[in-house]
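Working notes, beginning with the structure itself.
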Amino acid sequence: MSDTIAVITGASRGIGAALARGLLDPGVKLITLARRDDAELAAAAKAAGAELEQIKVDLSDLAGADTAARHVAALLAPGAKRYLLVNNAGTVHPVAAAAALTDGPAIAQAFNLNVTAVMLLTAHFVQAVAGFDAVRRVMNISSGAGRNPTAGWGTYCATKAALDMYTRVLNQEQGAGGVRAVSMAPGIVDTDMQGTIRASDPGHFPALSKFQDFKASGALAQPADVAGRLIAYLGRDDFGATEIDDIRNYK
Ligand code: NDP
């Protein structure tokens, strides 16, 4: 029986990929979700003696997300010491000034991935682990963008603000003895998402040069460092003491 069963979305690249690799250990069962399988991760899991199940799904497709959430729940067998759900997959698209945010399906896709899929996965996770005598934790990977407005990111900021509030509602419902959740900003991290941001149209994203400078000046954090801190945070006794948090608060 696994000591820890950990579920990570968006584990194929960036922060999620680093989290998945950081969690690989004997006694860990890792369940990952992304649009593609990761052969390297499978090899790393085998070498580390960890159990791995990769679920290939487009989480912006709600039927797919629902099926995947039920599949994940069925894998959360009783008897583990820890059950972790890290809702990490996300998108910054569409980047456009509010007056130009007219592509309804693109906006809906972002909300589906950044918010609705999180809610579906969390609901099935919470149901599956209800009553388990175990550590049960949800970490939603949020962003400073959910807490401070950034021009051009009307969609992204709104999704992350929604994620923050959803986390608070979940904690209020679950109470002291239930699943504990945190909405955690990871800092500014050197991933494909930052590349996407640097490729934004300056006409729609006035902060473009600031983000180009982050990369040029070496100010971006490395995914493996951030993942290490997130994993350490997942193990803290005071996990969730601050429900809307930023990993940069933990050195
Ligand atoms: P990346 O773009 O590097 O990786 C995103 C991950 O999400 C990939 O594994 C991707 O896998 C997966 N993903 C994207 N779309 C879908 C989809 N439709 N269905 C399933 N999986 C999907 O992002 P980061 O690692 O940078 O970001 C991770 C999280 O951190 C996000 O929630 C982001 O908002 C947040 N964040 C990142 C910051 C940064 O500076 N990087 C700053 C603040 C917050 P695949 O393409 O294989 O499906």
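By convention here, the first residue in the shown sequence is residue 1. In each ligand, atom 1 is the first atom listed, and ligand 1 is the first ligand listed. Computed from a prediction, not measured in an experiment: that's the story for all the values here.
When heavy-atom distances to ligand 1 are checked against a 4.0 Å cut-off, Ala11 comes that close only through its backbone atoms N, CA, C and O.
Contact atoms of ligand 1 toward Leu113: 15 (N), 16 (C), 17 (C), 18 (N), 19 (N) (distance under 4.0 Å to a heavy atom of the residue). Listed by number with element, the atoms of ligand 1 under 4.0 Å from a non-hydrogen atom of Val57 are 19 (N), 20 (C). Those atoms of ligand 1 with a heavy atom of Ile141 less than 4.0 angstrom away are 29 (C), 30 (O), 32 (O), 35 (C). Heavy-atom contacts of Tyr156 reach the following atoms of ligand 1: 33 (C), 34 (O), 35 (C), 36 (N), 43 (C), 44 (C) (cutoff under 4.0 Å). Applying the 4.0 Å criterion to heavy atoms of Ile188 picks out, from ligand 1, the atoms 40 (O). Short contacts between ligand 1 and Gly187, defined as distances under 4.0 Å to a heavy atom of the residue, involve ligand atoms 38 (C), 40 (O), 42 (C), 43 (C).
Between the side chains of Thr91 and Asn114, not a single donor N or O lies within less than 3.5 Å of an accepting N or O.
Scanning the protein for heavy atoms near atom 28 (C) of ligand 1, the closest one is Asn88 OD1, 3.1 Å. When only non-hydrogen protein atoms are considered, atom 25 (O) of ligand 1 lies nearest to Ile15 N, 2.9 Å. Nearest non-hydrogen protein atom to atom 14 (C) of ligand 1 is Arg35 NH2, 3.5 Å. Nearest protein neighbour of atom 7 (O) of ligand 1, counting heavy atoms only, is Gly10 CA, 3.4 Å.
Across Ile55, Val226, Val189, heavy-atom proximity to atom 39 (C) of ligand 1 is greatest for Val189. The option with the heavy atom closest to atom 45 (P) of ligand 1, from among Ala68, Gly146, Ser12, is Ser12.
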Got a list of side-chain donor-acceptor pairs under 3.5 Å for residues 184-193, not counting sequence neighbours?
residue	atom	partner	partner atom	Å
Asp190	OD1	Lys215	NZ	3.1
Asp190	OD2	Lys215	NZ	3.0
Thr191	OG1	Met193	N	3.2
Asp192	OD2	Arg13	NH1	3.0

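Contacts classified as ring pair (Phe, Tyr, Trp, His ring centres under 6.0 Å) and involving residues 38-91 (residues at least two apart or in different chains) are given here: Tyr83-Phe132.
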